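Every value quoted in this text rests on a predicted model; they were computed, and no experiment measured them.
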Amino acid sequence: MIAAFNKRLAPTRILGLPLAAAVAGLITVTGALVSVVMPWRVAWVAIAIAVAALPLGLLAILVGDDWVFAYTFCLAKRDARRAARERAWQ
């Protein structure tokens, strides 16, 4: 039963990386490559976007699939607090 639960909530993976890490990596690589051929003002913007996407990708790699379970846990906790407040009014 736990394996089915994990499979159902598992986020999409691209090349073995979580989706957010793959997208951030793609933005980083694209920004770095575009900065080589663009004029200097556009190149600085591309470099800034690439540098900004890099920590997000690293965070997504470190957190991995756990963010789905943490989000589900927070939703369950929120619903439990809401139910406790509703019971207090009865």
Donor-acceptor list for residues 22-33 side chains, cut-off 3.5 Å, not counting sequence neighbours:
| residue | atom | partner | partner atom | Å |
| --- | --- | --- | --- | --- |
| Thr28 | OG1 | Ala24 | O | 2.9 |
| Thr28 | OG1 | Ala50 | O | 3.4 |
| Thr30 | OG1 | Leu26 | O | 2.7 |

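Here the shortest heavy-atom pairing between Ala60 and Ala21 reads CB-N, 3.6 Å.
In this structure, Trp44 shares a hydrophobic cluster with Trp40, the cluster being traced through Ile, Leu, Val, Met, Phe, Trp and Tyr side chains under 4.5 angstrom apart. Residue Leu17 shares its hydrophobic cluster (ILVMFWY side chains chained together at separations under 4.5 Å) with Ile61.
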